[in-house]
Structure formats: structure tokens, C-alpha cells
Amino acid sequence: MTLQFFNTLGRELQSFQPITPGKVGLYTCGPTVYNYAHIGNLRTYVFEDILRRALEYAGYEVSHVMNVTDVGHLTDDADDGEDKVEKSAREQGRSVWEIAEHYTQAFFSDIDRLNIEQPSIVCRATSHIQDMIELIQRIEARGYTYLAGGNVYFDVSKFERYGELALLNRQQLQPGARIEVDPNKRNPQDFVLWFTEGKFKNQTMVWDSPWGRGYPGWHIECSAMSMKYLGERFDIHTGGVDHVPVHHTNEIAQSEAATGKQWVNYWLHGEFLVMSGDKMSKSKGEFVTLSSLEDQGYDALDYRYACLGGHYRSQLQFGPEVIGAARSARRRLVDAVEELKAELGAGAEQLSRREAAEALEGAAAEWRDTFRSHLATDLALPQCLADLHGVLKDEQLSAEERLALVLDMDRVFGLEFTRSAASGFSAEEIAEIEGLITERTEARRARDFAKADRIRDDLAVRGVVLEDRPDGTHWKPS
Ligand code: AMP
Ligand code: ZN
């Protein structure tokens with residue numbers, strides 16, 4: 001199975017060839033832990049999980065490294081503003097370490113509930129300061145840096161291919177092209193590798209370095225840690241599209257300046273989740289978290305399903321109708337799979353083995369191959385999902401064939417059909433529950449509180465908890 005990916009570097013679909021046959025080095029930029037991840041961030045991690053699962057499905061052994069940014073990410077990508085973790089600590093009256101720990105835990109709990117596979121290596125920026133210092137020294141020794149105002153800057157004019165990833169043209173790289181420019185910078189795109197106390201007097205996370213006591217710029221951590229764990233050249237690097245023009249562009253410049261060779265072969269970027277036409281972002285304050293969806297009675301996997309419905313390179317519109325439709329569709333799938341399992345009894349277990357899919361013949365083998373070719377074409381997940389639904393509807397297929405195909409596809413979808421069936425309600429039950437909630441709302445409007453309470457009690461007996469909020473009644477399993 002040859003996978004093809006749309007490589008941001010070069011903007012074209014390319015066949016994937018790993019550096020070492022059978023193995024893949026994958027680096028995914030992780031969270032900045034100063035707040036909860038919102039579902040936009042989580043969309044990017046679901047995309048990266050699908051990528052990893054697709055690579056594993058295609059038979060590769062994947063070394064997946066993810067960083068945790070707990071220092072150095074400023075409120076402004078152009079090196080202005082203040083460290084995000086420090087700011088959050090000040091606002092919440094907690095230490096920077098408590099903030100980082102709290103939001104790191106919350107993040108890993110989120111990705112666990114979304115059935116995202118844990119990276120092979122998770123590395124915190126604050127545990128790798130020495131690696132960053134050594135990398136900056138290499139960049140310095142090769143003449144790509146200058147000191148100004150106490151900080152170490154990377155000089156982009158020295159790096160011939162600067163901006164190739166983002167297709168930045170020379171015009172955009174002229175000094176003064178941006179309105180606000182750090183006066184220490186020789187070129188507006190120059191960026192900080194190491195800050196000293198000169199810049200922020202009150203920074204609590206600081207370390208000694210050859211340039212003075214201070215802390216690293218945001219970009220250097222990803223170069224230092226990825227090279228440490230994956231080598232100086234590796235296969236795939238990913239993140240959200242917002243990382244293309246600054247973060248990833250700078251990561252490439254400093255890594256390749258240090259080693260003198262190409263760093264990463266394939267760059268994949270996930271598009272944004274948008275709500276009411278706007279990118280969801282932590283800095284805008286108002287955002288949706290996975291827990292808030294769960295509080296409204298949705299399962300984390302409903303959100304995972306919603307992500308599968310859009311191609312990773314297209315924006316995903318989010319709203320109550322999207323998550324509602326995802327829940328109903330996922331429930332229907334779970335019910336269909338449960339029915340197949342019940343029909344097949346003890347034989348069902350065997351079908352989850354990989355060999356069961358490989359042994360398929362005829363129409364079933366065609367479905368399997370269609371699914372694989374959709375997956376191999378730049379992870380065409382909406383088509384893959386259509387294949388899943390198609391298999392369940394195809395009456396030519398036996399129950400065994402259908403279940404073998406569904407379980408094989410679920411290696412990539414990660415919808416955990418078994419787990420979800422055990423914890424939730426069927427599509428019919430959900431429709432009934434929602435009907436009763438509407439009836440109760442009408443009863444309350446008509447001031448028939450006895451009837452409204454009766455409905456609430458009946459639902460409680462069935463394991464449904466109601467919560468009345470200004471925007472309506474929400475429910476969740478008890
Ligand atoms: P952060 O924790 O802010 O460093 O972001 C974590 C990841 O989420 C990065 O890969 C971002 O590119 C990505 N991201 C940020 N906002 C969105 C969004 N609205 N939709 C999808 N991905 C996003
Ligand atoms: Zn990064």
C-alpha cells in the first residue's frame with residue numbers, strides 16, 4: 001500500500017517514501033499548556049492520529065514524538081508580548097509549574113478520551129533546555145546568529161531558502177514590511193533563539209546559558225527535541241496551518257542552518273475548525289472544550305466522528321447541528337455493528353484479526369481495496385467513512401464479511417465500536433429521550449410542573465440526567 005500525501009513543501013501530492021524502509025519518524029507539534037485545549041486544537045490532534053494510524057495500517061513502525069510547550073511561547077508569534085504560561089500563572093495566582101502540570105494532564109486526558117494513540121515519546125520543553133542551548137551553539141558556530149539587546153537572534157538573510165515552506169516572496173521579507181518590528185531585529189522575519197533577562201525582568205522560568213540567564217525562543221524546542229529523538233533527518237512533521245508561515249518556517253531555517261542538510265521530507269498541515277465563520281482560538285477567550293461537549297451529553301467519540309467527516313485540508317464548520325448529526329450517525333453505526341456481533345456470536349471475535357480482512361474475496365475484497373485506495377490518497381477520510389456506511393448497507397455481503405471489513409477500517413477510524421456500545425444509548429433511545437425533553441419543555445411552558453417533574457423522574461430512572469440552562473435543557477448519561 002503506497003500512501004500519498006499532499007506535501008506543504010512544494011504544494012503537491014507525493015508518494016510517501018520513508019528514509020528507512022518500514023519505519024517512520026513522525027513529529028507533531030504539541031500543546032502550549034497555559035489553558036485547556038479547545039476542540040479546534042483537538043481537531044489537529046485527531047488528524048495527526050489518523051495519519052499515524054494510516055501509517056501503521058500500511059505496515060510501518062512509527063516513532064511518534066510530541067512536544068509539550070511549557071516555556072517560551074509568547075502571546076505574539078513575532079517575539080513580542082509575554083510568555084503564555086507565565087501570563088496564565090499570574091492571572092490564576094498559581095505557579096508556572098502548577099499551570100503547566102494542570103493543563104498537560106488535562107490535555108492527555110482529552111486525547112485519551114478521543115481514543116488518540118499516545119505518542120511514543122512526549123517531551124517537555126523545560127526538560128530539554130540543554131539540548132536547545134547546544135543546538136543554538138551549533139547555529140551560532142555556523143554564522144547564522146547575532147546578539148542584540150541581550151537576545152540571540154537568527155538572521156534569516158543568511159539562510160538562502162528561508163520561507164520556502166510558506167512560499168514567502170522576497171518582497172514580504174523586506175525590512176519594514178510589517179508595521180511593528182522589534183528594533184533589535186536586522187530583518188523583520190529574524191527570530192529569537194534565546195531571550196535573556198534583558199527582555200523580561202519578571203520571568204520565573206530562566207536558565208543559565210552562554211548568552212546569560214534567560215530562556216529559549218519558542219521555535220528552537222521543536223528542532224532540538226525532534227532531532228534528539230528522531231535524528232537529524234526524519235520523515236514527517238505536522239501541525240495546524242497557522243504554523244506554516246512562522247513556527248515551521250523558522251524551525252526549518254534553524255535546523256537546516258545547524259546541520260547543513262535537509263531536515264524533514266514531508267510536511268502535512270491540518271486546516272482549522274471554524275465556528276460562525278471564525279477560527280476557534282484560545283486567545284479569543286470563548287471556545288468549546290471536549291469536556292463542555294461531554295457536559296452536554298455527547299461522547300468524546302461523537303466529536304472524533306465529526307472530525308472524520310471533513311478532509312483534514314478543508315476547514316471544518318462546527319456547530320450544534322454538526323455534533324448532533326455526528327452523534328446520531330455514530331450511534332447508528334454502533335447499533336449496526338452490535339447487531340452483526342450478536343448475529344455472529346462467538347465467531348465475531350476472530351474477525352477482528354487482521355488476517356480476516358486480508359482473506360476476503362470478491363465484492364468484500366473490492367470494498368477493502370476501495371477503502372485502502374481512498375485512505376492512501378492523502379487520507380480521504382470522508383470517502384473512507386462513505387465506504388464504511390456502504391459496507392454496512394451492501395446486502396451482497398455476508399455478516400462475516402461486513403464485520404471483518406468494519407473492524408479492519410476501524411483500525412484507522414479509531415471509533416472503538418465495542419467500547420461505545422457498552423456505554424451509550426442507541427439511536428432510537430436518543431430520539432425518544434430528546435422527544436421526552438421537548439415534551440417536558442412544553443409542559444413547563446404551560447406551567448404543568450407536575451408533568452414536567454414526572455418526565456424528569458422517568459428519565460432519571462432510565463439513567464438520564466437533565467440540566468436546565470439558559471440556552472435550553474441538556475442531558476447526559478448518569
Ligand atoms: P497550541 O496549543 O496553541 O500551540 O496549538 C496546538 C495545535 O492546534 C497547533 O497545531 C495549532 O496549529 C492547532 N490549532 C490552533 N487553533 C486551531 C483551530 N481553530 N483548528 C484546528 N487546529 C488549530
Ligand atoms: Zn513545533
Side-chain angles (χ1 to χ4, degrees), residues 8 26-49 51 65-77 81 83-85 87-88 99-100 103-104 106-108 110-111 114 116 119 122-125 128 132 135 165 191 216-230 234 236-255 263-264 267-290 303 306-307 310-318:
T8 309
L26 167 67
Y27 184 85
T28 59
C29 287
T32 307
V33 286
Y34 68 102
N35 201 339
Y36 294 108
H38 56 63
I39 57 170
N41 302 129
L42 295 172
R43 181 194 186 197
T44 295
Y45 299 108
V46 170
F47 142 61
E48 292 162 342
D49 186 53
L51 168 64
V65 177
M66 183 195 274
N67 67 309
V68 170
T69 301
D70 50 3
V71 68
H73 193 170
L74 305 190
T75 48
D76 179 317
D77 280 352
D83 186 300
K84 292 184 180 192
V85 177
K87 180 167 181 261
S88 181
I99 290 290
Y103 292 114
T104 303
F107 172 77
F108 283 102
D110 281 352
I111 67 166
L114 282 168
I116 290 175
V122 174
C123 36
R124 287 169 200 246
H128 293 78
M132 297 184 217
L135 187 61
L165 180 78
F191 55 93
W218 169 37
H219 316 297
I220 196 72
E221 65 174 89
C222 289
S223 295
M225 297 192 283
S226 63
M227 289 202 237
K228 175 170 180 142
Y229 296 110
L230 295 172
F234 61 91
I236 309 179
H237 193 314
T238 67
V241 278
D242 54 332
H243 285 346
V244 176
V246 181
H247 183 51
H248 289 168
T249 288
N250 292 349
E251 283 186 26
I252 292 174
Q254 65 199 5
S255 305
W263 179 44
V264 171
W267 287 85
L268 272 66
H269 290 97
E271 252 297 349
F272 283 146
L273 176 108
V274 291
M275 214 162 82
S276 330
D278 242 0
K279 170 200 171 211
M280 187 171 287
S281 94
K282 287 188 205 170
S283 51
K284 288 199 189 119
E286 184 87 39
F287 59 74
V288 180
T289 61
L290 189 64
Y303 180 63
C307 292
H311 190 266
Y312 77 92
R313 286 197 295 116
S314 304
Q315 289 197 340
L316 183 68
Q317 270 304 331
F318 185 81

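Both ligands and their constituent atoms are indexed starting at 1 by order of listing. Quick note: numbers below take in every heavy atom, side chains included, and nothing from hydrogens, waters or symmetry partners. If you're wondering where the values come from, they're calculated on a predicted model, not measured in any experiment.
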Chemist: Please determine whether any non-hydrogen atom of Gly270 lies less than 4.0 Å from an atom of ligand 1.
Modeler: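 Distance cut 4.0 Å: Gly270 fails for ligand 1.
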Chemist: Check whether any side-chain heavy atom of Glu271 lies under 4.5 Å from a side-chain heavy atom of Ser314, and answer yes or no.
Modeler: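 The answer is no; the side chains never approach within 4.5 Å.
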Chemist: Among His219, His243, His237, find the one that has a side chain to side chain donor-acceptor pair (under 3.5 Å) with Glu251.
Modeler: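 Only one of His219, His243, His237 forms a side chain to side chain donor-acceptor pair (under 3.5 Å) with Glu251, namely His237.
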Chemist: Have a look at the Zn ion (ligand 2) and estimate, to 10 degrees, the angle subtended by SG (Cys222) and SG (Cys29).
Modeler: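 That angle works out to 130° after rounding to 10°.
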Chemist: Tell me whether His38 reaches ligand 1 (any heavy atom closer than 4.0 angstrom to a ligand atom).
Modeler: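 Yes, His38 has heavy atoms under 4.0 Å from ligand 1.
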Chemist: Mark up the atoms of ligand 1 that fall under 4.0 Å of a heavy atom belonging to Lys279, in ascending order.
Modeler: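 Ligand 1 atoms under the 4.0 Å threshold to Lys279: 16 (N), 19 (N).
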Chemist: Which part of Asn41 is near ligand 1, with near meaning a heavy atom under 4.0 Å away: side chain, backbone, both or neither?
Modeler: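 Looking at Asn41 and ligand 1, atoms from backbone and side chain both fall under 4.0 Å.
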Chemist: Quick one: which ligand 1 atoms are inside 4.0 Å of a heavy atom on Asp242?
Modeler: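 Answer for ligand 1: 11 (C), 12 (O).
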Chemist: Angle between ring planes, Phe47 versus Tyr312, binned at 30° and 60°: parallel, tilted or perpendicular?
Modeler: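 Phe47 vs Tyr312 ring planes: parallel.
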Chemist: With side chains defined as the heavy atoms from C-beta onward, is the minimum distance between Phe108 and Tyr103 less than 4.5 Å?
Modeler: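 Phe108 does not reach Tyr103 side chain to side chain.
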Chemist: Out of Leu273, Ile39, Asn35, Asn41, which one pairs with Phe287 under the side chain to side chain contact (heavy atoms under 4.5 Å, CB included) rule?
Modeler: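 Output: one option passes, namely Asn35.
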Chemist: Within the 4.0 Å heavy-atom shell around Pro31, which atoms of ligand 1 are there?
Modeler: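 Those atoms are 2 (O).
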Chemist: So which of Thr238, Ile116, Thr28 actually passes side chain to side chain contact (heavy atoms under 4.5 Å, CB included) with Tyr45?
Modeler: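 For Tyr45, the side chain to side chain contact (heavy atoms under 4.5 Å, CB included) check succeeds only for Ile116.
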Chemist: Hey, is there an N, O or S on His247 sitting under 2.8 Å from the Zn ion (ligand 2)?
Modeler: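 Within the cut-off used here (under 2.8 Å), His247 does place an N, O or S atom near the Zn ion (ligand 2).
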Chemist: May I ask you to check whether Met280 has an N/O atom sitting below 3.5 Å from an N/O atom of ligand 1?
Modeler: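 Met280 vs ligand 1: N/O contact under 3.5 Å present.
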Chemist: Any idea which atoms of ligand 1 are less than 4.0 Å away from a heavy-atom of Thr44?
Modeler: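 Once the distances to Thr44 are compared, the set is 10 (O), 13 (C), 21 (C), 22 (N), 23 (C).
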Chemist: Hey, which atoms in ligand 1 end up nearer than 4.0 Å to a heavy atom of Gly40?
Modeler: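 Near Gly40, meaning under 4.0 Å from one of its heavy atoms, ligand 1 has 17 (C), 18 (C), 19 (N), 20 (N), 21 (C), 22 (N), 23 (C).
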Chemist: To make sure I understand the geometry: which N, O or S atom in Glu251 is closest to the Zn ion (ligand 2)?
Modeler: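 Minimum-distance N/O/S atom of Glu251 relative to the Zn ion (ligand 2) is OE2.
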Chemist: Side-chain donor-acceptor pair under 3.5 Å between His38 and Thr289, yes or no?
Modeler: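 Checked: His38/Thr289 side chains show no N/O donor-acceptor pair below 3.5 Å.
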Chemist: Give the numbers and elements of all ligand 1 atoms closer than 4.0 Å to a heavy atom of Gly240.
Modeler: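 Taking each heavy atom of Gly240 in turn, ligand 1 has 10 (O), 12 (O) under 4.0 Å.
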Chemist: Does the ring centre of Phe234 sit less than 6.0 Å away from the ring centre of Trp263?
Modeler: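 Judged by ring-centre distance (under 6.0 Å), Trp263 and Phe234 do meet the cut-off.
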Chemist: Quick one: closest heavy-atom pair of Leu135 and Ala224, and the distance?
Modeler: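 The pair with the smallest heavy-atom distance is CD2-N, 3.7 Å.
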Chemist: May I ask you to test the Cys222-His247 pair for a side-chain heavy-atom distance under 4.5 Å?
Modeler: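 Yes, close enough: below the 4.5 Å cut-off.
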Chemist: Record the part of Glu271 in heavy-atom contact with ligand 1 below 4.0 Å; permitted values are side chain, backbone, both and neither.
Modeler: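 The answer is the backbone of Glu271.
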Chemist: For ligand 1, which is the ligand I care about here, please tell me if Gly239 has any N or O atom under 3.5 Å from one of the ligand's N or O atoms.
Modeler: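 No; the residue has no nitrogen or oxygen that sits under 3.5 Å from a nitrogen or oxygen of the ligand.
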